[in-house]
Amino acid sequence: MKLATWNINSLNMRLVRVLDWLAASATDVLCLQETKLEDATFPRLEFEAAGYRCVFTGQRTYNGVAIIWRSDVGEATDVAAGLPDFADQAKRVVAATIAGVRAVCLYVPNGQSIESDKYRYKHDWCRATTAYLRREVAVHASLAVVGDFNIAPEPRDVHDPALWDGHVLFSEPERAVFRDWIGLGLVDSFRLFEQPPNTFSWWDYRMLAFPKNRGLRIDHVLLSRSLAARCTSCRIDRNARKGEKPSDHAPVVVELAP
DNA sequence: ATGGCTGCTTTGAGCAGA
């Protein structure tokens with residue numbers, strides 16, 4: 001199974017790009033963040049016509065998450081939207097079990113800046129998610145927690161660690177959250193393999209950040225131990241960041257052996 | 001170390017993103 005995560009920064013703007021990428025990459029299950037679409041306007045029929053199924057929870061303008069999978073992979077079960085025990089207007093979580101793999105798709109709050117109320121919200125949201133993931137790990141042996149985490153876990157995940165030190169996305173409390181989630185029994189699939197140095201998943205639209213490769217690795221695929229044992233590759237498809245009207249994020253793709 | 005893009009908005013300057 002090929003499983004991927006991608007923040008597409010408006011599915012409305014990038015539906016064709018997503019469909020093209022799905023086909024070209026032969027991805028079986030794709031988790032999307034920042035769809036920015038209410039459920040009533042989600043392009044379900046377009047995905048179905050292309051041979052995929054989908055589950056989604058969204059809102060206009062901000063947030064919105066979805067899971068897209070090839071129809072021939074099977075049905076989804078135990079679909080769940082949102083975090084239990086955390087009242088949140090923002091649509092940031094959707095989960096489903098597909099072909100025996102529990103996929104949890106997260107769009108972690110950005111946090112804006114460490115002085116911001118949004119940073120406090122990010123902290124509270126992440127704490128609620130820790131409790132949620134603890135239960136998911138206990139229930140699902142084959143678990144993949146994927147998405148836009150808005151956290152760069154280590155200095156090597158940041159183009160200029162000294163510049164970013166202490167700033168939102170790379171502050172110590174955020175990195176501690178990432179370690180907490182790893183501590184639940186999850187594995188950062190990207191680090192299972194040798195990777196080219198300076199591999200990132202997000203680049204600012206401004207300041208020629210992408211051509212200069214001034215990016216961050218903030219999109220992640222965490223795998224339970226049994227799925228990590230099946231994982232044969234993890235790569236970030238930076239080609240998907242190129243061309244006309246790209247998202248500012250690139251997809252992260254893992255392959256899982258049967 | 002700002003803002004520089006981009007998408008979106010009961011539409012056009014302000015916001016949020018990361």
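Convention: sequence-line order gives letters A, B, ...; per-chain numbering from 1. Only a predicted model underlies this, so the values are computations on that prediction, with no experimental measurement involved.
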Visitor: Return the value, rounded to whole Å, for the distance between atom CG of A:Asn63 and atom P of B:dT9.
Guide: 13 Å
Visitor: The side chain of A:Met13 is closest to which nucleotide in this list: B:dA18, B:dC8, B:dA16?
Guide: B:dC8
Visitor: Which part of the nucleic acid, if any, lies within contact of A:Arg14, taking any heavy atom under 4.0 Å across all strands shown: a base, the sugar-phosphate backbone alone, or nothing?
Guide: sugar-phosphate
Visitor: Let me confirm one number: the CG-CD distance from A:Leu11 to A:Glu34, rounded to the nearest 0.5 Å.
Guide: 11.5 Å
Visitor: Starting at the 5' end of DNA chain B, which residue's closest nucleotide do you reach first, A:Tyr205 or A:Glu34?
Guide: A:Tyr205
Visitor: Would a hydrophobic clustering, with Ile, Leu, Val, Met, Phe, Trp and Tyr connected at side-chain separations under 4.5 Å, put A:Leu184 with A:Ile151?
Guide: yes
Visitor: Report the distance from atom CG of A:Leu15 to atom P of B:dG7, rounded to the nearest whole Å.
Guide: 15 Å
Visitor: Write down the distance between CZ (A:Arg214) and C1' (B:dA1), rounded to a whole number of angstrom.
Guide: 11 Å
Visitor: Can a side-chain donor-acceptor contact be found between A:Trp203 and A:Asn213 if the only test is distance below 3.5 angstrom?
Guide: yes
Visitor: Taking the P atom of each, how far is B:dG3 from B:dT9, in whole Å?
Guide: 25 Å
Visitor: Between B:dG12 and B:dA1, how many Å separate the two P atoms, rounded to a whole number?
Guide: 37 Å
Visitor: Calculate the interatomic distance between A:Gln112 atom CD and B:dA18 atom P; express it in whole Å.
Guide: 11 Å
Visitor: Taking OH from A:Tyr121 and C1' from B:dA18, how many angstroms apart are they, rounded to a whole number?
Guide: 15 Å
Visitor: Mind checking the P distance from B:dT6 to B:dT10? Whole angstroms is fine.
Guide: 22 Å
Visitor: I need the A:Thr27 OG1 to A:Lys2 NZ distance, nearest 0.5 Å.
Guide: 6.0 Å
Visitor: Does a side-chain N or O of A:Lys118 approach OP1 or OP2 of B:dA16 to a distance below 4.0 Å, or not?
Guide: yes
Visitor: Tell me whether the side-chain N/O atoms of A:Asn150 come closer than 4.0 Å to OP1 or OP2 in B:dA18.
Guide: yes
Visitor: Is there a residue in residues 162-179 of chain A whose heavy atoms reach under 4.0 Å of DNA chain B, and which residues are they?
Guide: A:Leu169
Visitor: NZ of A:Lys212 versus C1' of B:dC5: gap in Å, rounded?
Guide: 14 Å
Visitor: Do any side-chain nitrogens or oxygens of A:Tyr107 fall under 4.0 Å of OP1 or OP2 in B:dA18?
Guide: yes
Visitor: In whole Å, what is the span from the CG atom of A:Leu216 to the C1' atom of B:dG17?
Guide: 13 Å
Visitor: For a quick test of reading the model: is some side-chain N or O of A:Arg206 closer than 4.0 Å to OP1 or OP2 of B:dT2?
Guide: no
Visitor: Return no unless some side-chain N or O of A:Thr61 is found under 4.0 Å from OP1 or OP2 of B:dC15.
Guide: no
Visitor: Assess whether atom NZ of A:Lys122 is packed by more than 12 heavy atoms of other residues, nucleotides or ligands within 6.0 Å.
Guide: yes
Visitor: Of the options B:dG17, B:dT9, B:dG7, whose atoms approach the side-chain atoms of A:Lys245 most closely?
Guide: B:dG7
Visitor: Anything under 3.5 Å between a donor and an acceptor, one on a side chain of residues 248-258 of chain A, the other on a protein residue two or more places apart or in another chain? List them.
Guide:
{"unit_1": "A:Asp248", "atom_1": "OD2", "unit_2": "A:Trp202", "atom_2": "NE1", "d": "3.3"}
{"unit_1": "A:His249", "atom_1": "ND1", "unit_2": "A:Asp219", "atom_2": "OD1", "d": "2.9"}
{"unit_1": "A:His249", "atom_1": "ND1", "unit_2": "A:Asp219", "atom_2": "OD2", "d": "3.2"}
{"unit_1": "A:Glu255", "atom_1": "OE2", "unit_2": "A:Ser233", "atom_2": "OG", "d": "3.2"}

Visitor: Between B:dC5 and B:dA18, how many Å separate the two C1' atoms, rounded to a whole number?
Guide: 12 Å
Visitor: Quick one about A:Glu38 and A:Thr41 (side-chain donor to acceptor, distance below 3.5 Å, no hydrogens or angles considered), yes or no?
Guide: no
Visitor: Name the residue closer to the 5' end of DNA chain B, choosing between A:Leu11 and A:Asp148 according to the nucleotide with the nearest heavy atom.
Guide: A:Leu11
Visitor: Could you tell me whether the phosphate oxygens of B:dA18, OP1 or OP2, come under 4.0 Å of any side-chain nitrogen or oxygen in A:Asn7?
Guide: yes
Visitor: Which pairs would a plain distance check flag for residues 132-144 of chain A, meaning a side-chain donor or acceptor within less than 3.5 Å of a matching protein atom at least two apart in sequence or in another chain?
Guide:
{"unit_1": "A:Glu136", "atom_1": "OE1", "unit_2": "A:Arg102", "atom_2": "NE", "d": "3.0"}
{"unit_1": "A:His140", "atom_1": "NE2", "unit_2": "A:Arg102", "atom_2": "NE", "d": "3.4"}

Visitor: Could you check how far OH of A:Tyr62 sits from P of B:dA16, rounded to whole Å?
Guide: 5 Å
